[in-house]
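Data first, discussion second: the structure below is written as structure tokens.
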Amino acid sequence: MKKIIYTITAILALVFTTNAMAKDENKVMPSIYVFGVSTSFNDSLVFFTDVMKLDSAWQDGKSGFIYGRGNYSFQLHDYLERKGYPNRTCIFVADKNIKNVTKKYEKMKSRYTKKGKCEILLIDKSEFVFTPVEPQLSGGN
């Protein structure tokens, strides 16, 4: 009898979990605004990309996080490595609202400017742009 109750409970939990997950599906954002920053402990150079519009970025329906944040950071890291700047730490900043992204951009840039020990180099859109990343679905698909 305990096995039957346990089995029924497990099946119901699976059904409700699957149903809840279906409501929180991943979705494609029509566009978001992004920029990247790269620093290194080995030198005083800080690279900033332009604020750019990124079309077709995927967002997690439940948390709202952009999928592939690590991949976007790696895109910038790879670009700088090819330019002769290895071993850099890169971050990717994104938001749906351009005002929010611009505010974050200016705040982060002013942090490095105030220190006075960093040289800020801007990466123009004509040199580097982020490319959209599709989410990797688990489960063998």
Side-chain angles (χ1 to χ4, degrees), residues 2-141:
K2 283 186 176 181
K3 285 185 178 180
I4 293 173
I5 292 174
Y6 176 75
T7 304
I8 291 172
T9 305
I11 291 171
L12 288 174
L14 181 64
V15 168
F16 287 120
T17 303
T18 305
N19 190 25
M21 288 172 63
K23 290 179 183 176
D24 293 332
E25 288 184 14
N26 307 332
K27 56 185 175 184
V28 177
M29 303 295 292
S31 62
I32 59 172
Y33 298 93
V34 302
F35 69 92
V37 179
S38 176
T39 63
S40 175
F41 294 111
N42 298 327
D43 63 33
S44 61
L45 297 176
V46 179
F47 291 90
F48 277 82
T49 68
D50 284 338
V51 173
M52 56 188 83
K53 184 177 176 182
L54 180 64
D55 293 324
S56 304
W58 286 80
Q59 181 183 37
D60 179 59
K62 188 174 184 179
S63 67
F65 284 124
I66 303 299
Y67 276 108
R69 291 180 309 278
N71 190 301
Y72 289 113
S73 295
F74 185 75
Q75 288 178 27
L76 180 58
H77 180 272
D78 189 44
Y79 167 78
L80 289 170
E81 200 166 75
R82 283 181 285 149
K83 290 289 190 180
Y85 299 100
N87 305 322
R88 303 197 61 83
T89 302
C90 299
I91 62 167
F92 171 78
V93 180
D95 199 295
K96 292 182 270 187
N97 187 329
I98 192 165
K99 284 176 90 175
N100 293 344
V101 167
T102 305
K103 187 175 179 179
K104 291 175 188 177
Y105 182 85
E106 293 302 328
K107 185 176 181 178
M108 193 172 281
K109 201 170 164 186
S110 71
R111 273 190 203 158
Y112 288 106
T113 306
K114 284 181 184 177
K115 291 180 181 179
K117 297 178 183 177
C118 299
E119 182 180 351
I120 295 178
L121 299 174
L122 302 177
I123 302 171
D124 192 71
K125 290 177 190 172
S126 63
E127 297 176 35
F128 172 81
V129 291
F130 290 104
T131 56
V133 175
E134 290 191 35
Q136 298 295 318
L137 302 175
S138 60
N141 290 351

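Throughout, numbering of the chain's residues begins at 1 and tracks the sequence. Atom set for the values below is all heavy atoms of this structure, side chains included, hydrogens, waters and symmetry mates excluded.
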Rounded at 0.5 Å granularity, tell me how far [atom1] in [X] sits from [atom2] in [Y].
X	Y	atom1	atom2	value
I120	T39	CD1	OG1	11.5 Å
R69	Y67	CZ	OH	9.5 Å
E119	S44	CD	OG	6.0 Å
N42	Y85	CG	OH	14.0 Å
L121	K83	CG	NZ	12.5 Å
I66	I32	CD1	CD1	4.0 Å

Please name the pair of heavy atoms, one in [X] and one in [Y], separated by the smallest distance, quoted to 0.1 Å.
X	Y	answer
F48	K109	CZ-CA, 3.6 Å
N97	D95	N-OD1, 2.9 Å
P30	D55	O-OD1, 3.3 Å

Within the side chain of [X], is there an N or O that forms a donor-acceptor pair under 3.5 Å with the backbone of [Y]?
X	Y	answer
T49	G36	yes
D50	M52	no
Y72	V133	yes

Beyond-backbone contact of [X] with [Y], side-chain heavy atoms, under 4.5 angstrom:
X	Y	result
F92	L76	no
Y33	N100	no
L45	R88	yes
V51	K104	no
F35	V101	yes

- In terms of heavy-atom contacts, does CZ of F128 have more than 12 from other residues, nucleotides or ligands at under 6.0 Å? yes
- Task: Count the heavy atoms belonging to other residues, nucleotides or ligands that lie under 6.0 Å from NZ of K96, then report whether that count exceeds 12.
- Result: no
- Task: With side chain to side chain contact (heavy atoms under 4.5 Å, CB included) as the test, would you mind laying out the steps for M108 and I91 before giving the verdict?
- Result: CA-CA 11 Å; M108 193 172 281; I91 62 167; 3.7 Å; yes
- Message: Applying the side chain to side chain contact (heavy atoms under 4.5 Å, CB included) criterion to V46, which one of C118, S40, S38 satisfies it?
- Response: C118
